[in-house]
S.K.: 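To start, I am sharing the structure in question, which I have written as C-alpha cells.
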Amino acid sequence: MKASPRLTLPAAITAAVLAITTLTPVAALDEAAAPRTTTLSEERQGSLVSKVVESDGEIVSTLVDAATGEAVLPDPARAGTQPAAGDPHGGAVMGQWAKSENHFEQLAATSARTAEELSGDTDDDAGTGAAPGATDADTAEEAVAGVASADPLGAAASWAPSGIKGTDVSNWQPSLNWSSLWNQGSRFAYVKTSEGDSIRNNLFQQQYAGAGAVGMYRGGYHFAIPTRDSSGAKQADYFVNNGGGWSADGKTLPGLLDVENNPYPSLYGNQCYGFSQAEMVSWIRDFSNRYKARTGRLPAIYTNYYWWQDCTGNSAAFNDHPMHIASYGTTAPRVPSAWSTYDFWQYTDAGFNERIDANVYRGSAAQLQDLVRNRYHKPIGGRTPAGTPAGTPTQVAPAGYVVKGGIGNQYRALGGSSVFGTPTMNERGGLVNGGVYQRFSKNYTFYWSSPTGAWPVNFNGAIGRKFAANRYENGFGYPTGREVSGLTGGGAYQVFRSGGTVNKVLWSSATGAQPVRETSAIGGAWKRAGYERGYGYPSTPEVGGLVNGGSYQLFRKGNDVHKILWSSASGAHAVKENSAIGREWKAAGSERGYGYPTTGEYRYGTEVRQKFSKNFTVHYSTTTKRTWATR
C-alpha cells in the first residue's frame, strides 16, 4: 500500500484540499462546534482508513489518513491511467469513454466539499479554513464552488428522465454523503468493485455499506478488461471474491458487468481489446456462466449502443440479462436491438447536487424489488432467463396501471401488449391543448388529443427520437397515425399535427429522420414534385434567416441534392445543387448572387434553363455541355 498521497491538483481544488488538510482532526475539535459523529464501520488499509460515519444524522462514507485524520482526495491527473494493485487512485469507471473533460476534477471537488462539511468547518467566517498563503477569497468552499460553476455540463443536472433514480460510484469519490443522495430521490447505487483481475476498489466495503445504511438497493459492478490471458471466468471469480456477488436478501442488485470501450488503448489495443466479435461474445458468455454458477443468477450488462454493435456484432445472446444502457445528451437512448428497451439508463455524469453519475430504473417500484429478489427475473426489454423452471414467475405486473378510453381502444386494436408491452404508468393529462399520454414497456408512448385521437410513437426508432428532440407534442404536435414503413428505398414516415400545421417526419438510412412541414410553401413544392419519389427525403429541417427573409430545405435522392428555397417575392422552387445549373448558381453566390429560383429547371430546345429573382437566367447546353448566365 502506498503512503497517504500529497496530491498535486488544479488550483481551485488545491485550495480546497489544503483547506481540509489543515483542519484539526475531529477528535480534537471544540465539542460545542464539532458535529456529533459516530463511526459505523471502518477498514484499515495501510496508512489509510475508509469509514462510514453518522454525523448529525447523516450517513457519510469517507477516506482519511490514519495518522492525522486528514481527508484524502483523488488526483484528477490520474484519470485514464490504470493503477497498480492496492493503489487507491486512477482506474476506469462506468462510462469512462463518455465522461466530460473535467468530470474527475468535479468528483474531487465534490469529495472535498463533503469532507469539509463532515469536519464542521463550514462557517462563512471560518478564516482558519484558508490554505496557507491564500487570499481571503481562496477558502475551500469558494475553491470547490469555482470548479463546480466552471462545469459545462451544469444544465444536465437539472433534467432527469422518468423512472426511479439511482447512481453509481467508485474509488474516485472517497467522501460521499449518502443521506443527501437519498433525500434527492436516489433509491439504488452500483458501486465499483473490481477491474480486470487485479484491481479492486479499496472503498467498496464502506461505499456499499453507506448506500445500504440509508435504505438504497445496492450492488457491485466490475469494469471488464477482456484479454486472452484473463478469461471471463477468471474476472467473474475476482469480482465475486471482492464483494460483487448476489443474494436474495431483498437488498442486493445483481452484479453488473461493465463492458465498454477500452480505456487503456496503449495497453490493450483497439476499443474491442483486439478481440473479434465472436471472441468478445465468448468472453462475455464465460463471465456470465461463471457468475451464475457462483451466485445462482445472471449478471446485468452495462454497455453503450455503438460498442455493443462494433464489438459483439449486435449479439442477441444476452437479452435475458438486464440491460443498463449508457447514453448522454439525449431524451431517448438507443438500445441494442436484442432488447426492446432498457432496465437502467445512465443518462448523465453531472446528476444530483453532487454532480455525479445519475441513472434511472425504467420500471415500477414493484418491478425493481422483483429484480432485486428474483433470480429468474425477466428484463423489461428482454426474454425470460434460460433455464427458468416452468411456471416460475419471472416479472411482476406494474401495480395499479390500467389502459382505458381512447388510448385503451387504440392500444388493443393495434396489437396490445404483444406489440407495445405493458403500461408503465396510468394515463396522464395536462399536455398542450388538453392532450393525454401513457407509456408502455416496449418504449412506445400513446398520445391522445381531441383533433387527432390516440396514436403511438415508437421511441426505439429514429422518428420517435426526432419527435423527442423537438420537444415532443410541444414541437411537432400530436401523431395523426402510426409510423408507416415501406417507402421507396426502405424509408418510413409518421405525420404529426399542431393546430393547422402538419409535420411529416421521414426517415431513410441515408438522411436519418427529418421533418417536412407539409403546410408550408416549401412542403407544398416538395409534395407537388412527388414527395420522396420526386426530390427525395429531407436531409435538413426548414431553415430560415436567408436574405430578404427567405428559407430553404435540402432533400436528397440518391446522389441528387435538391434545395427548395422560398421568399415572399419568388415563392418556393428547387435548385438541383449538383446539376450544371445548380453549380453555376452556387458559384455566383447562391441567393445572394443570382437570387432565388422563380422556376424549376425546364427544357428550351437543346438547352436546360432556370430563372432567378434578380432577372438572371442560367442556361445549360445539352449539346456543347456549356453553362452560362444571361440577364
Side-chain angles (χ1 to χ4, degrees), residues 41 43 45 50 52 61 63 83 85-86 88 91-96 166-174 176 178 181 186-226 230 232-260 263 284 287-303 318 321-324 326 343-344 346 356-359 361 368 371-375 377:
S41 64
E43 181 183 13
Q45 300 170 19
S50 63
V52 177
S61 59
L63 181 68
V93 299
M94 285 169 59
Q96 180 83 22
T167 189
D168 58 86
V169 301
S170 69
N171 55 294
W172 286 95
Q173 295 144 284
L176 268 170
W178 292 100
L181 292 168
S186 179
R187 294 297 179 262
F188 65 87
Y190 267 111
V191 181
K192 182 178 179 182
T193 308
S194 50
E195 177 179 328
D197 59 18
S198 62
I199 298 165
R200 62 182 289 265
N201 173 14
N202 294 303
L203 306 178
F204 171 77
Q205 293 295 342
Q206 309 314 323
Q207 291 176 332
Y208 191 84
V214 297
M216 292 186 197
Y217 298 121
R218 68 283 187 275
Y221 81 84
H222 174 77
F223 196 102
I225 304 292
S230 181
K234 181 178 182 180
Q235 293 195 24
D237 282 333
Y238 188 72
F239 179 40
V240 174
N241 292 345
N242 283 284
W246 175 83
S247 64
D249 59 3
K251 302 176 183 177
T252 307
L253 292 160
L256 181 64
L257 173 63
D258 178 353
V259 280
E260 60 176 273
I284 296 170
F287 184 101
S288 175
N289 287 346
R290 180 60 63 87
Y291 188 84
K292 184 177 181 180
R294 292 285 304 270
T295 67
R297 75 173 299 170
L298 297 172
I301 290 177
Y302 170 95
T303 192
F318 305 100
H321 298 54
M323 168 51 59
H324 195 143
D343 295 87
F344 296 94
Q346 185 191 64
I356 61 177
D357 287 354
N359 306 275
Y361 175 71
L368 179 57
L371 180 144
V372 168
R373 293 178 179 275
N374 183 1
R375 71 178 68 247
H377 179 83

S.K.: On a heavy-atom basis, which atom in Pro174 and which in Leu203 lie closest, and how many Å separate them?
M.R.: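 Taking every non-hydrogen atom into account, CA-CD1, 3.4 Å.
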
S.K.: Between Val214 and Leu181, is a side chain to side chain contact (heavy atoms under 4.5 Å, CB included) present by the stated rule, with each step listed?
M.R.: CA-CA 9 Å; Val214 297; Leu181 292 168; over 6 Å; no

S.K.: In chain order, what residues pass the side chain to side chain contact (heavy atoms under 4.5 Å, CB included) check against Tyr217, with sequence neighbours excluded?
M.R.: Phe188, Leu253, Leu368, Gln369, Val372

S.K.: I need the minimum non-hydrogen distance between Pro263 and Gln96, along with the two atoms involved.
M.R.: CB-CG, 4.0 Å

S.K.: Determine, stepwise, if the pair Leu257 / His321 fulfils side chain to side chain contact (heavy atoms under 4.5 Å, CB included).
M.R.: CA-CA 10 Å; Leu257 173 63; His321 298 54; over 6 Å; no

S.K.: Just checking, is any N or O donor in the side chain of Thr252 or Arg218 under 3.5 Å from an acceptor N or O on the other one?
M.R.: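 Arg218 and Thr252 do have a side-chain donor-acceptor pair below 3.5 Å.
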
S.K.: Please give me the minimum heavy-atom distance between Tyr221 and Val169, naming the atom from each residue.
M.R.: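 In this case the closest contact between Tyr221 and Val169 is CE2-O, 3.5 Å.
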
S.K.: I need the minimum non-hydrogen distance between Gln235 and Ala224, along with the two atoms involved.
M.R.: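 In this case the closest contact between Gln235 and Ala224 is OE1-CA, 3.7 Å.
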
S.K.: Please report the interatomic distance CG(Asp357) to CD(Gln346), rounded to the nearest 0.5 Å.
M.R.: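 Reported value, rounded in 0.5 Å steps: 4.5 Å.
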
S.K.: Before giving the answer on side chain to side chain contact (heavy atoms under 4.5 Å, CB included), spell out for Trp246 and Arg375 the whole-Å C-alpha distance, their side-chain angles and the decisive distance to 0.1 Å.
M.R.: CA-CA 9 Å; Trp246 175 83; Arg375 71 178 68 247; 3.8 Å; yes

S.K.: With sequence neighbours excluded, tell me which residues meet side chain to side chain contact (heavy atoms under 4.5 Å, CB included) with Ala213.
M.R.: Ile59

S.K.: Any luck finding a side-chain donor-acceptor pair between Arg200 and Asn241 under 3.5 Å?
M.R.: no

S.K.: Quick one: does Gln207's side chain get under 4.5 Å of Gln173's, heavy atoms only?
M.R.: yes

S.K.: Once you round to the nearest 0.5 Å, how far does OG1 of Thr167 lie from CH2 of Trp178?
M.R.: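 Separation between the atoms: 7.0 Å.
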
S.K.: Can Met323 and Phe318 be said to form a side chain to side chain contact (heavy atoms under 4.5 Å, CB included), step by step?
M.R.: CA-CA 9 Å; Met323 168 51 59; Phe318 305 100; over 6 Å; no

S.K.: Working to the nearest 0.5 Å, report the span between OG of Ser50 and CG of Asn201.
M.R.: 9.0 Å

S.K.: Test of understanding: with salt bridge (Lys or Arg N to Asp or Glu O under 4.0 Å), list the residues that count as partners of Arg290, not counting sequence neighbours.
M.R.: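 Listed in chain order: Asp237.
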
S.K.: Which word best sums up how the rings of Phe344 and Tyr190 line up, parallel for under 30°, tilted for 30 to 60°, or perpendicular for over 60°?
M.R.: perpendicular

S.K.: Where is the tightest heavy-atom contact between Glu195 and Ile225, given as atom of each residue plus distance?
M.R.: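 Smallest heavy-atom distance, with atoms named: CG-CG1, 4.0 Å.
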
S.K.: What is the distance from atom CG of Leu176 to atom CD of Gln206, rounded to the nearest 0.5 Å?
M.R.: 12.0 Å

S.K.: For a quick test of reading the model, state the closest non-hydrogen atom pair linking Ala248 to Arg373 and the distance between them.
M.R.: CB-O, 3.8 Å

S.K.: Which value, rounded to the nearest 0.5 Å, describes the distance between Ser288 atom OG and Ile301 atom CD1?
M.R.: 6.5 Å

S.K.: Would a line drawn from the ring center of Phe287 to the ring center of His222 be shorter than 6.0 Å?
M.R.: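 They qualify: ring centres under 6.0 Å apart.
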
S.K.: Roughly how far apart are Leu298 CG and Asn289 CG, rounded to 0.5 Å?
M.R.: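 Going from CG on Leu298 over to CG on Asn289, the span is 8.5 Å.
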
S.K.: Just checking, is any N or O donor in the side chain of Asp197 or Ser230 under 3.5 Å from an acceptor N or O on the other one?
M.R.: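 Checked: Asp197/Ser230 side chains pair up, N/O donor to acceptor below 3.5 Å.
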
